[in-house]
Amino acid sequence: MAEENMYTFENEQYRKTYWHTCSHVLAQAMKRLHPEVKLAIGPAIDNGFYYDFDTPEPFTPEDLVELEAEMRKICKEKLKLERFELPREEAIKFMEEREEPYKVELINDLPEDAVISFYKQGDFTDLCAGPHVDSTGRIKGNAIKLTSVTGAYWRGDSNRKMLQRIYGTAFPKKEQLDEYLAKIEEAKKRDHRKLGKELGLFMLMDEGPGFPFFLPKGMVLRNTLIDYWRQVHKRYGYVEISTPMILNRQLWERSGHWFHYKENMYTTVIDDTDFAIKPMNCPGGMLVFGSEPHSYRDLPMRVAELGLVHRHELSGALHGLFRVRCFTQDDAHIFMTWEQMKDEIKGVVRLMDEVYSVFGLKYQIEVSTMPEDHMGDVKDWDFATDTLKAAVEEMGKEYSINEGDGAFYGPKLDFHLEDCLGRTWQCGTIQLDMQLPERFELEYTGADGLKHRPVMVHRVVLGSIERFLGIITEHFAGAFPAWLAPVQVKLLAVTDRAAEYCEELAKKLDADGFRATVDTRSEKIGKKIREAQMEKVPYMLIIGDRDIENGTVSPRHRSEGDLGAMSYEQFRDMLKEEVDTKTIK
């Protein structure tokens, strides 16, 4: 990296260092204002920093304002950050004297040969591995914002004490902070939980925490998305299967899930035999492939499944449709020969590119390589990883390397989607697997007449139907493109006389394959338009006496406004073109 970019926010390492120092400034401000508070941990995170505190009373918004003011003072003091090390016993004594029990625990848990380092800034010292900027003066006090406070268990353990976690962010310039905060406010407006309720898409109930209820409009949205998914997969040569939701313990032991994933699985006993509700679709897919003999002529086999899976997530981790306990994975398993691997990967990348483009979502590709605890021969790993890279390169696409983050059974490609607010979401994955075919003794007869082991790809495009619906709800702010919108046209009667004509038009729209509703209430047309606008319906047909006399319709688009009177056929053809091409307006 060029020297001039080393100490800018463009450099991720410097950005994290800057935010990490901000967490120390927050801790120092806390100890000045509330010396009785005990310190826990304070790392940099993706969009800022946080610090966990043990305090007898929860913090209030007023506390955050006072802390921000004290942080600004500390920045103006330009305190030098000085690193020093202590032997283990001295380090423990140092923190015991300051009555910081959480720091003492952290030191005790460090490896015997660990370097125990501290950072001092003025009257404040914290246990920390670093790094930090050289002075609190590097932090721009007027561009610091403490954004929220939540509860957090010490070390993430629900059996330990609940601490108070204060989140914050900071930037080198006030303008950057203002821009970020504006984006946060926009994100709040787009929150899929809020929009899901307002638009009647889904609901989350105490009777089923983590198990979403889809309402009629939400089911239209969901089914339209699934219909598109099926159309795309048919064009790309996939067949679809469905495997049971509950399978016996023997299967999950064979797949390895019973031993490595059981704490996340829901189990039951049927006829004195242990069963589990499937947390993933893969083992069922293995049984389908292994249920009949295959020849090399059958390969590649592209087998897709929209399977409902259940995973036990901690209640504190649940978040709308983004983190649930049951969800529908748009899985596919591709069984192939080693020679077919590159072309199949290219095919999956092309499919993903098409799908993401339809929703206006940009993406970045990441190659995750062999971890230390891998299974299988290194030469197979090298071949598989090189094939993934070559497939992406030959398609003219760029990628980054995530060293050592592959699964234990194979390397993978991860697709990180970027929405209209610049937020990233990990959705699509192409995961090579050299192990499950071995565990399930899958085989095919080669051209040489001998039995061979296929190699397999697990892949998801949307990730899960539920999570993807949450993402696109926020991406479009609930204003879905016409092809996807639960209601595509809402007919608004200006007069009582127009009500019958609206009903006739709605029947025509329905016969032509469109989703339409009618508002014939005796309300002012302005109110009807406002409500339809709030419902984010793509098109309104505002029908008055003149439309009845002329046999016309008067469409209004939610963002483009009035489009002028036209024949029903003109409007139908215009809408059909927009739906068929999946245009985003």
Side-chain angles (χ1 to χ4, degrees), residues 233 236-261 265 275-276 278-307 309 329-348 351 370 373-385 387-388 391 406-413 429-461:
H233 282 72
Y236 278 81
Y238 287 77
V239 294
E240 187 177 350
I241 63 169
S242 176
T243 61
M245 195 178 298
I246 300 178
L247 294 163
N248 69 18
R249 173 176 176 166
Q250 183 181 6
L251 174 78
W252 300 112
E253 287 182 347
R254 191 176 185 185
S255 69
H257 290 94
W258 193 268
F259 304 110
H260 300 291
Y261 202 72
M265 297 166 67
F275 281 75
K278 66 179 178 181
M280 48 196 69
N281 300 307
C282 318
M286 302 306 101
L287 294 181
V288 170
F289 183 90
S291 66
E292 57 183 351
H294 294 286
S295 157
Y296 70 96
R297 293 186 181 89
D298 300 327
L299 305 183
M301 277 185 62
R302 308 181 190 104
V303 184
E305 178 174 14
L306 290 164
V309 300
Q329 278 197 310
D330 66 316
D331 263 321
H333 299 101
I334 304 175
F335 305 92
M336 58 195 160
T337 67
W338 287 85
E339 294 76 23
Q340 293 168 333
M341 189 188 296
K342 188 194 292 183
D343 286 340
E344 285 306 300
I345 291 165
K346 285 182 177 179
V348 178
L351 187 156
M370 184 177 72
D373 61 341
H374 67 277
M375 293 179 64
D377 293 336
V378 173
K379 63 179 177 61
D380 289 341
W381 273 86
D382 289 343
F383 177 83
T385 305
T387 303
L388 285 175
F408 70 90
Y409 49 80
K412 62 178 178 172
L413 297 179
T429 296
I430 304 174
Q431 172 74 67
L432 285 168
D433 189 345
M434 293 93 79
Q435 300 307 318
L436 267 188
E438 189 74 33
R439 282 176 178 261
F440 282 85
E441 300 176 349
L442 304 184
E443 57 187 24
Y444 67 92
T445 303
D448 57 6
L450 301 175
K451 298 295 184 183
H452 297 272
R453 191 79 71 210
V455 68
M456 189 183 74
V457 160
H458 308 255
R459 50 106 288 201
V460 291
V461 180

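By convention here, the first residue in the shown sequence is residue 1.
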For the student: nearest non-hydrogen atoms of [X] and [Y], plus distance:
X	Y	value
P300	I334	CB-CG2, 4.3 Å
P283	W252	CG-CZ3, 3.4 Å
P279	Y261	CB-CE2, 3.6 Å
A391	I345	CB-CG2, 3.7 Å
V461	D330	N-OD2, 3.0 Å
H294	E292	CD2-O, 3.1 Å

Are [X] and [Y] side-chain neighbours, meaning at least one heavy-atom pair lies under 4.5 Å?
X	Y	result
F289	M456	no
M265	H257	yes
Y236	V348	no

Supply the atom-to-atom distance [X] [atom1] to [Y] [atom2], rounded to the nearest 0.5 angstrom.
X	Y	atom1	atom2	result
I246	L251	CD1	CG	13.0 Å
F440	Q435	CZ	CD	12.5 Å
C282	H333	SG	NE2	3.5 Å
M280	E305	CE	CD	12.5 Å
W338	D380	CH2	CG	4.0 Å
K412	T385	NZ	OG1	12.5 Å

Item to check | Sole residue of T429, L432, L351 in side-chain contact (heavy atoms from CB on, under 4.5 Å) with R459 | outcome: L351
Keeping [X] on the side-chain end and [Y] on the backbone end, is there a donor-acceptor pair under 3.5 Å?
X	Y	answer
Q431	L413	no
H458	D433	no
K278	T243	yes
Q329	V309	no

Could you go through residues 441-453 and list every donor-acceptor pair under 3.5 Å that involves a side-chain atom there, pairing it with any protein atom two or more places apart or in another chain?
from: T445; atom 1: OG1; to: K451; atom 2: NZ; distance (Å): 3.0
from: D448; atom 1: OD1; to: L450; atom 2: N; distance (Å): 2.9
from: D448; atom 1: OD1; to: H452; atom 2: NE2; distance (Å): 3.0
from: D448; atom 1: OD2; to: H452; atom 2: NE2; distance (Å): 3.0
from: R453; atom 1: NE; to: E438; atom 2: OE1; distance (Å): 3.3
from: R453; atom 1: NH1; to: L442; atom 2: O; distance (Å): 2.8
from: R453; atom 1: NH2; to: E438; atom 2: OE2; distance (Å): 3.4

Checklist entry - What pairs meet the salt bridge (charged side-chain N to carboxylate O under 4.0 Å, His left out) rule with one or both residues in residues 333-347, with sequence neighbours excluded? => result R302-E344, K342-E394, K346-E394
Item to check | Enclosure of Q250 CD (heavy-atom neighbours >12, cutoff 6.0 Å) | outcome: no
